[in-house]
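Reviewing the structure listed below.
All ligand and atom numbering here is 1-based and tracks the order in the structure.
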Amino acid sequence: MKVFIETYGCTLNNADSDVMDNILQSAGHTIDRGTLRLNDAGKYDYIILNTCTVKKPTEQKIISKLERLSNLNKNIVVTGCLASATPNIVKKASPTAKILKTSETIKILNTLVPEGQEVPIAEKPSFINSNGIIARIPISEGCLSSCSFCETKYARGPLKSFDENVILKAISRSINNGSYEIELTSQDIGAYGADKKTNIAELALHAAALDGDFMLRIGMLNPEHLHKYLDSLIEALKQDKVFKFLHLPIQSGSNKILKDMQRNYTTYDIQYYFDYIRNKIPDITISTDIIVGYPTESIKDFKLTEELLFGIKPTITNISKFWQRPHAKASKLQQINANEIKRRSTKLSREIREMQVLQYNNFKGLREEVVVTENNNGLVSGRDIYYRPVAVLSKELTVGDKVTVEIVDSSYACMISKPI
Ligand code: SF4
C-alpha cells in the first residue's frame, strides 16, 4: 500500500514517525513524508497524521486538515499527542479516522490489516534503522514531572525508559547506514533511566564509546534533574563524539512562576548550572525555552525573566506564548489578556534577537570543521562541534561532506562561513 505520514511538533514526534516509517517499509509498504497537498491525497491508500497538542494554532491547523481529508473519504490514522489527549476532538473532525495512542505507534501495522489480524511487535526503538544524515533515536516516553502548563504529559503519561542495549543497537545500525548526527530524543531526556537505575549521562557515555564516525546530540532536559548527575553529564559532554550542546528549558525567570508551573528548580539553580557548566566547557551552546504570559505572570515576573536572560545569556532562546490546553492545570486559572501576552512576547523576542546576533558575531574569524547536514535549494548548512548552525557559502558541497570553514559573518539564526 502507499502511505503518507504527515508529522507535527517536536523531535520525539518525528522519531515516532521514523518508527512507523521503518515498520511499514519493512512490511513492504511505500511511504512518503512531508506536508500532504490535498490534490495529492488520491495517490495514497492511507494517510497518517502524527499530531501535536502544545499550541492551539497547531491544533486548529491539524483539525482543518483532518476535516478536509475526511470529506475526501480517505483512510486516515491519527496518532500523536492530540489524538492521545483529546480523541473526542479528532473523532468530531473525522468520525471514521482510526486513533492510535502515542504509546502504540509500534502497532501501526495493525491499523492497516483487517480487524482480528494481529502483527507481532517489539520494543521501541528496535525498529529504528535510519539511513539519513540525521538519525532520531527515541530513548523514553513520558516523564516524571507534572508541569502545570503541559498537555503532553497527559498524552504520554508516566516515564518509560527504553532498554539501553536496544538504544545502543539502534544507534549502531544508524551509524552503519551512514547517519552522522545521532539525536537522542524524548519528552524529557533528563528523566531517562530513573525507572531503570541509570541516567542520561551513563547512556551518553556508553553511546559515545561506540565505533564509527558520528556525533551525539543530547536533547531537551528539564533542569530539575540536573543535580542528580551534573558531573557525569559534563564528562559525557566532554567526549569527542558528543556535541557540546545542552537544551535546558527554564521557562521563567521568576521563582514564583516556576513554583506555580511546578518546575521544581529555582532561578538560583539555573544561574549556578549555567556558570558551573560554562566553567567546565567554555563555549558550550546552551539553548533554552521561555513561556510568556503564564496566567499568574505579573509585569514584575516578566521583568525578572528578562533580567535572568540578560544575565545568563543562553545561546538560543525559544519563546512561546502561554496557550490554554484542555487538561493542563494552568488552563483553569484566570488568563492574561491576549494582547498583553503578545506585547510581552514581541518585546522579549526583539531583545533576544539583538542578544543572539551579538553572540554569533563574536565568532568572526574562527576556523573550524563543519559537517553539512542540509542543502536547501543550494543553501548549504551544517553544525560545528558546539551544535552551532553554520551556513556555508559554497555551491560544491553536498550533505555529509566535512569541510573546514572560516566564519565571515553572522545573522540572528546562524553563523555564515566560507570554506578554506
Ligand atoms: S517535563 Fe514538564 S513540560 Fe516536559 S513533558 Fe513532562 S510535564 Fe510536560
Side-chain angles (χ1 to χ4, degrees), residues 8-16 50-56 58-59 79-86 101-103 105 124 136 138-162 183-195 199-200 218-229 233 246-255 257-267 269-270 273 286-297 305 314 317-333:
Y8 297 81
C10 62
T11 321
L12 181 58
N13 247 22
N14 275 286
D16 278 345
N50 189 2
T51 61
C52 170
T53 185
V54 175
K55 295 179 185 174
K56 185 77 184 164
T58 312
E59 176 188 313
T79 184
C81 293
L82 184 69
S84 297
T86 46
K101 288 186 181 162
T102 49
S103 55
T105 45
K124 275 188 209 172
R136 293 172 288 244
I139 63 167
S140 59
E141 262 178 4
C143 72
L144 292 172
S145 311
S146 307
C147 306
S148 59
F149 54 81
C150 181
E151 178 89 350
T152 314
K153 169 77 181 193
Y154 190 84
R156 292 194 181 255
L159 178 70
K160 181 185 182 310
S161 302
F162 303 139
E183 296 188 356
L184 300 184
T185 180
S186 154
Q187 198 175 320
D188 176 10
I189 285 272
Y192 175 78
D195 52 343
N199 60 48
I200 179 60
I218 298 174
M220 186 169 66
L221 191 159
N222 183 340
E224 84 168 78
H225 304 293
L226 266 180
H227 68 96
K228 300 173 195 164
Y229 43 67
L233 185 66
L246 275 180
H247 181 181
L248 304 175
I250 58 180
Q251 308 300 12
S252 172
S254 156
N255 284 328
I257 299 303
L258 288 176
K259 192 157 180 249
D260 291 352
M261 288 177 165
Q262 300 175 194
R263 290 294 282 180
N264 301 322
Y265 54 83
T266 66
T267 56
D269 299 329
I270 294 299
Y273 291 142
I286 308 183
S287 142
T288 196
D289 302 339
I290 294 289
I291 295 175
V292 173
Y294 184 85
T296 55
E297 182 189 76
T305 298
T317 304
N318 308 301
I319 297 165
S320 298
K321 291 182 225 159
F322 175 81
W323 294 103
Q324 258 179 309
R325 307 306 299 135
H327 302 97
K329 202 171 152 194
S331 297
K332 318 274 178 302
L333 301 169

### Query
Are any non-hydrogen side-chain atoms of Leu159 and Cys143 less than 4.5 angstrom apart?
no
### Query
Nearest protein heavy-atom contact for atom 5 (S) of ligand 1: which residue, which atom, what distance?
Gln187 NE2, 3.0 Å
### NZ (Lys228) with more than 12 external heavy atoms under 6.0 Å
yes
### Side-chain (Ser161) to main-chain (Gly193) donor-acceptor, under 3.5 angstrom
yes
### Message
List ligand 1 atoms under 4.0 Å from Cys143, heavy atoms only on the residue side.
### Response
1 (S), 5 (S), 6 (Fe), 7 (S)
### Task
Using a strict cut-off of 4.0 Å, indicate which atoms of ligand 1 neighbour a heavy atom of Lys153.
7 (S)
#### Entry: Protein contact of atom 1 (S) of ligand 1 - nearest heavy atom, named by residue and atom, plus distance
Asn222 ND2, 3.5 Å
### Close-contact set for ligand 1 against Arg263 heavy atoms, below 4.0 Å
2 (Fe), 3 (S)
### Message
Between Asp188 and Arg156, is the salt bridge (Lys or Arg N to Asp or Glu O under 4.0 Å) condition met? List the steps.
### Response
CA-CA 11 Å; Asp188 176 10; Arg156 292 194 181 255; over 6 Å; no
### Task
With atom 2 (Fe) of ligand 1 as the reference point, say which of Cys147, Ala328, Ser145, Ser146 has the nearest heavy atom.
Cys147
### Query
Counting backbone and side-chain atoms alike, does Cys150 have an N/O/S atom under 2.8 Å from atom 8 (Fe) of ligand 1?
yes
#### Entry: Greater than 12 external heavy atoms within 6.0 Å of Lys160's NZ
yes
### Message
Whether the side chain of Ser148 engages the backbone of Asp260 through a donor-acceptor N/O pair (distance < 3.5 Å, no angle test) should be reported.
### Response
yes
